[in-house]
There are 2 protein chains.
Amino acid sequence: MVNKLARLSQALQENGYRLTAARQEILAALVGSEGHVSADELVGLVRQDAPGVGRMTVYRTLELLSELGLIRPVYQGTGAAHYILLDDGHHHHLVCSGCDRVIEFDECAVQEISRVISGHFNFEIHGHLLEFYGRCEACRGV
Amino acid sequence: MVNKLARLSQALQENGYRLTAARQEILAALVGSEGHVSADELVGLVRQDAPGVGRMTVYRTLELLSELGLIRPVYQGTGAAHYILLDDGHHHHLVCSGCDRVIEFDECAVQEISRVISGHFNFEIHGHLLEFYGRCEACRGV
DNA sequence: CTCTGTGCAAAGGATTTGCACTACG
DNA sequence: CGTAGTGCAAATCCTTTGCACAGAG
């Protein structure tokens, strides 16, 4: 987790962005939340430690991280966007259509596909998201 | 494409929903658009053929289709949600962080993973989305 | 010292209620 | 016929600008 924070900070600096106090707070809150928050929830988390941080700084930092490919906004259920951490380069979800629950899993066999696609489209791949949709055990009404 | 329309219509009816005139228009517009539209764009498309259809009927139908796992909202760039058709059960994207362009591809080797995950979590899988993020040829400044 | 980043308030969209009306089955 | 579905307008919520100030390099 400390590693994740360091990696995010470093990525910002390497791309010519300043590592300000506000950004450090935001990154810490993001990592601490395991990377599953809406922008608004994140504002709340950040303000627990740093009450002075503005809502828009959070929005702008999220946009910045998205552009760098470090996080990704997804829809989870309805309403506001949720952000997931991609700093390991990949992320995997199991999304239940019934209860909108999100389960994460680690099995990843996308490497080969990744290589093929990359060559095929001359596309430089930084990360990926794999989501399965269906019904979880509970919602199937076992 | 006619098949897709029929499959969507059938899915609605099988789940106890009525196949109204408005819904038929919406489904047709969705299939005709190749399944890459925002809610607002879809309202426009539907109204070309059926001017009387209300914005909210479109929203509600989209929500309904999402619950049934037939479509999925995703972020493409910023602003409004875009909906993609999952009626084949799967969908694959290549998203460029630079220009927000979305390229679709067909290579799919997720079947095995799907089976493993399904058994592992006792989760009934209906479809999936696989997205790769990175930089396209143009944005790498070849 | 300069330029990037920040915070506030207010604007701008997108999405969602509430409720009377229509039409599918 | 009864109930699910529809349409309108207004409300609500999320996100984005514009601009003066503060802080990093």
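Worth knowing before you read on, the calculation uses all heavy atoms, side chains too, and leaves out hydrogens, waters and symmetry mates. This one's a predicted model, so the numbers in the text were calculated from it and none came from an experiment. Just so we're on the same page: letters track the sequence lines, and every chain starts at 1.
- The listed nucleotides are dG5(C), dG7(D), dA14(C); the one nearest the side chain of Val53(B) is dG7(D).
- Among the protein residues, Ala39(B) comes within range of the sugar-phosphate backbone only, with heavy atoms under 4.0 Å from sugar or phosphate atoms but none that close to a base.
- The shortest distance between the side-chain N/O atoms of Arg23(B) and the OP1/OP2 oxygens of dT6(D) is below 4.0 Å.
- When each of Tyr17(A) and Arg47(A) is assigned the nucleotide of DNA chain C bearing its nearest heavy atom, the one mapping closer to the 5' terminus is Tyr17(A).
- As a whole-Å value, the separation of Leu42(A) CG from dT15(D) P is 12 Å.
- Closest to the side chain of Tyr75(B), from the set dT15(D), dG7(D), dT15(C), is dT15(D).
- Separating the CD1 atom in Ile26(B) from the OG1 atom in Thr20(B) is a distance of 7.0 Å, to the nearest 0.5 Å.
- The distance from atom CZ of Arg18(B) to atom P of dT6(D) is 10 Å, rounded to the nearest whole Å.
- Residues Ser38(B) and His82(B) approach most closely at N-CD2, 3.8 Å, considering heavy atoms.
- Between His90(A) and His126(A), a ring centre-to-centre spacing not shorter than 6.0 Å is recorded.
- Atom P of nucleotide dC24(C) and atom CD of Glu25(B) are separated by 13 Å, given to the nearest angstrom.
- Taking the ring centroids of His92(A) and His128(A), they lie under the 6.0 Å cut-off.
- The phosphate of dA24(D) (OP1 or OP2) has no side-chain N or O of Thr20(A) nearer than 4.0 angstrom.
- Rounded to whole angstrom, the span from the CD atom of Glu63(A) across to the C1' atom of dT17(D) amounts to 12 Å.
- Between the CG atom of Leu19(B) and the C1' atom of dA4(D) there is a distance of 13 Å, rounded to whole Å.
- If you measure from atom OH of Tyr59(B) to atom C1' of dT17(C), you get 14 Å, rounded to the nearest angstrom.
- To the nearest angstrom, P of dT17(D) lies 16 Å from CZ of Arg55(A).
- In this structure, Asp40(A) places its CG atom 17 Å from P of dT15(C), rounding to the nearest Å.
- Relative to the side chain of Met56(A), the nucleotides dG7(C), dG25(C), dG7(D) differ in distance, and dG7(C) lies closest.
- At the heavy-atom level, Ala81(A) lies under 4.0 Å from the strands shown only through sugar-phosphate atoms.
- Checked against the 6.0 Å centroid criterion, the rings of Tyr75(B) and Tyr75(A) qualify as a close aromatic pair.
- The Arg60(B) side chain lies nearest to dG18(C) when the options are dT15(D), dA23(C), dG18(C).
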